[in-house]
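Comments concern the structure below.
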Amino acid sequence: MSMQKPTGTQDLLPGEVEKWQLIEEKARDVCRRFHYKEIRTPIFEHTELFVRGVGETTDIVEKEMYTFQDKGNRSLSLRPEGTAGVVRAYAENKLYGDPDISKLYYVGPMFRYERPQAGRYRQFHQFGAEVFGSTDPGLDAEVIALGYAIYKEIGLRDVTVEINSVGTPEIRAVYRTKLQEYLKPMLGELCRDCQSRYERNPMRVLDCKVDQHRFADAPSVIDYLDDEAAAHFTKVQSYLTAMDIPFRLNPRLVRGLDYYTHTAFEFKAAGIGAIDTIGGGGRYNGLVGEVGGPDQPGVGFGLGLERILLVLAAQGVELPAEPQLDVYLIALGDAAEAEAVRLAYELRGAGLKVDKDYTGRKMKAQMKSADRFAARYAAILGDDELAQGVITVKTLATGEQTAVPLGELANYVKANQ
RNA sequence: GCGGUCGUGGCGAAGUGGCUAACGCAUCGGAUUGUGGCUCCGACAUUCGGGGGUUCAAUUCCCCUCGAUCGCCCCA
């Protein structure tokens with residue numbers, strides 16, 4: 001094997017890429033209805049943006065970034081997630097000057113250096129949305145509803161929403177201390193991962209697959225929320241209920257990015273091996289300020305496109321197949337070939353899906369191609385037809401055949417849709 | 001970063017320390033002078049991811065390497 005794609009990347013070939021187009025189309029359509037506008041930001045940014053935005057101690061920044069020096073000795077990184085870049089663009093372009101709040105969406109590749117497995121790649125794709133300029137809990141709910149609506153529009157079944165409130169940084173600091181106090185006595189008995197998580201991110205210990213059963217009486221962040229945070233969280237839930245979006249409270253839900261405040265949520269679905277998260281997000285009221293912008297609140301999510309595709313496949317959801325060819329031109333002889341090249345162009349100009357043979361094979365082989373392409377018509381052009389100014393049109397489904405004047409072919413095909 | 005499994009033609013998939021590496025699908029050619037889908041006949045891997053080693057002899061055994069895949073950590 002001479003050249004291979006880098007580990008964790010994929011070639012999306014014809015046949016597969018149509019599914020991506022469809023998913024993106026549907027997601028865009030839902031965003032349009034929710035009045036979100038697309039934003040496109042660079043695929044690489046200054047490394048510092050992610051360090052400050054995503055969090056210095058997160059796994060993403062500590063060990064998963066594709067970081068490189070450019071020729072001007074700047075440290076740049078391929079974006080490992082979408083929010084930081086959008087936040088930067090929002091601040092840099094002073095979108096906060098807009099009298100209305102900014103409702104944005106994006107789609108594109110993200111990069112993380114990790115060992116690939118089912119549903120996880122080094123280059124993967126996210127569809128995300130971010131809203132800036134309001135702390136209204138109605139927006140938290142709208143953003144969750146948007147993600148949920150996208151999954152539904154695409155045809156995913158059994159998507160569940162899990163939500164939690166991680167409060168404010170101050171609340172989290174208090175909670176973190178309480179949690180460590182709670183865990184300390186049993187620290188020696190916990191698994192090795194949990195022992196390291198105890199210092200790094202004690203909230204994650206509660207999520208441990210090995211020791212989870214021990215923490216039934218662990219303190220919950222929700223109990224430490226102040227009145228304002230609690231009220232916010234309550235409202236988010238009541239809005240979701242009003243919209244009839246099924247959600248589950250998960251007081252142990254922790255996200256891997258540092259910037260979340262108040263609402264954190266994940267979309268889950270089965271069917272990707274050991275992984276069940278297909279999207280996640282939350283509110284990030286301090287992030288815009290963190291990357292140098294004004295103190296503007298935000299809330300958003302990211303959906304994993306690969307994971308959507310995987311769950312769709314697991315659920316046996318069939319996406320519409322590629323439409324067939326209208327006409328496949330079969331030319332016999334040099335004169336016919338010349339006319340067929342011209343005719344194909346003419347028919348395409350008339351809006352028809354047309355192709356012809358370019359391998360110079362015999363008629364039988366060309367007919368086989370027409371059949372493989374599921375063409376509605378095979379149009380045969382040889383010396384006889386050329387002499388009479390007609391073309392033999394065969395309806396492949398029925399085998400019927402008729403001579404049509406060359407200039408009438410486009411109309412004939414259109415009239416018999 | 002760590003661990004399991006795997007790597008044979010365009011695809012799927014047998015196989016054995018030793019003569020010409022099954023089979024299925026696809027493809028191409030023929031039966032059919034200019035007509036597809038069905039049928040029949042024929043063709044299609046000097047080679048078994050790459051490198052090294054053991055051996056008289058390796059696709060088959062060993063080592064390394066690259067890749068795929070699944071899992072851990074973490075996450076989309």
Side-chain angles (χ1 to χ4, degrees), chain A residues 1-10 13 15 54-55 57-64 79-83 107-128 147 151 191-197 200-201 204 207-210 253-257 266-269 272-281 301-311 328 330-333 336 357 359 361-386 391-401:
Chain A
M1 208 50 65
S2 51
M3 285 291 211
Q4 295 170 283
K5 62 183 172 301
T7 292
T9 62
Q10 313 179 79
L13 305 176
V54 177
T57 62
T58 57
D59 277 19
I60 290 177
V61 166
E62 274 188 344
K63 51 185 203 193
E64 296 173 2
R79 60 185 186 194
E81 56 95 54
T83 302
V107 56
M110 308 293 162
F111 306 84
R112 291 183 202 172
Y113 189 87
E114 296 184 88
R115 278 297 289 275
Q117 72 183 65
R120 185 211 269 162
Y121 304 88
R122 288 186 176 176
Q123 174 174 341
F124 61 101
H125 300 77
Q126 284 191 344
F127 192 100
Y151 289 125
C191 72
R192 192 181 306 169
D193 287 330
C194 282
Q195 302 201 5
S196 71
R197 280 191 277 237
R200 290 168 50 90
N201 193 343
R204 218 164 250 306
D207 224 12
C208 177
K209 292 176 185 66
V210 185
L253 177 68
V254 185
R255 310 234 60 239
L257 298 82
E266 285 189 359
F267 297 106
K268 300 195 172 206
I272 323 179
I275 291 169
D276 63 356
T277 300
I278 57 175
F301 65 73
L303 314 181
L305 297 190
E306 284 80 1
R307 292 187 179 179
I308 290 175
L309 263 321
L310 252 16
V311 173
Y328 191 75
I330 295 175
L332 305 165
D357 177 79
T359 63
R361 286 174 304 167
K362 344 186 1 178
M363 177 161 183
K364 182 186 167 79
Q366 298 193 41
M367 284 298 294
K368 278 194 173 186
S369 293
D371 195 53
R372 271 197 297 270
F373 293 138
R376 289 167 54 217
Y377 299 103
I380 304 159
L381 195 61
D383 293 339
D384 297 349
E385 285 84 358
L386 229 39
I391 188 162
T392 299
V393 178
K394 178 166 186 171
T395 306
L396 289 175
T398 63
E400 289 168 44
Q401 209 163 284

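This structure is a prediction, so every number in the text was calculated from the model and none was measured. Numbers restart at 1 for each chain; the letters A, B, ... are given by sequence-line order, proteins then strands. Only heavy atoms go into these numbers, but all of them, side chains included; no hydrogens, no water, no symmetry mates.
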Mapping E266(A) and K63(A) to their closest nucleotides on RNA chain B, which lands nearer the 5' end? K63(A)
Paired nucleotide for G3(B) [Watson-Crick or G-U wobble; both distances under 3.5 Å]: C70(B)
Just compare C70(B), G29(B), C75(B) and give me whichever is closest to any side-chain atom of R361(A). G29(B)
Under 4.0 Å between a side-chain N/O of Q117(A) and OP1 or OP2 of C72(B), yes or no? yes
Sugar-phosphate only, base, or nothing, as touched by A370(A) at under 4.0 Å among non-hydrogen atoms: nothing
For F111(A) and A76(B), what is the distance between atoms CZ and C1' respectively, to the nearest whole Å? 14 Å
Paired to G10(B) by Watson-Crick or G-U wobble criteria (both distances under 3.5 Å) is C25(B)
Is T277(A) near enough to A76(B) that one of its side-chain N or O atoms lies under 4.0 angstrom from OP1 or OP2? no
At 4.0 Å (heavy atoms only), tell me whether G8(A) reaches a base, stays on the sugar-phosphate, or touches nothing. sugar-phosphate
For Y121(A) and A68(B), what is the distance between atoms OH and P respectively, to the nearest whole Å? 11 Å
May I ask you to say what E114(A) touches in the nucleic acid, namely base, sugar-phosphate or nothing, with a heavy-atom cut-off under 4.0 Å? base
Can you measure Q4(A) atom CD to G49(B) atom P for me and round it to whole angstrom units? 13 Å
Does any donor-acceptor pair link the side chain of R307(A) with the base of C75(B) at a separation under 3.5 Å? yes
When the distance from CZ of R115(A) to P of C66(B) is rounded to whole Å, what number comes out? 11 Å
Counting primed atoms, P, OP1 and OP2 as sugar-phosphate and everything else as base, the B/S/- map of nucleotides 34-44 of chain B against protein heavy atoms under 4.0 Å is BBBB-------
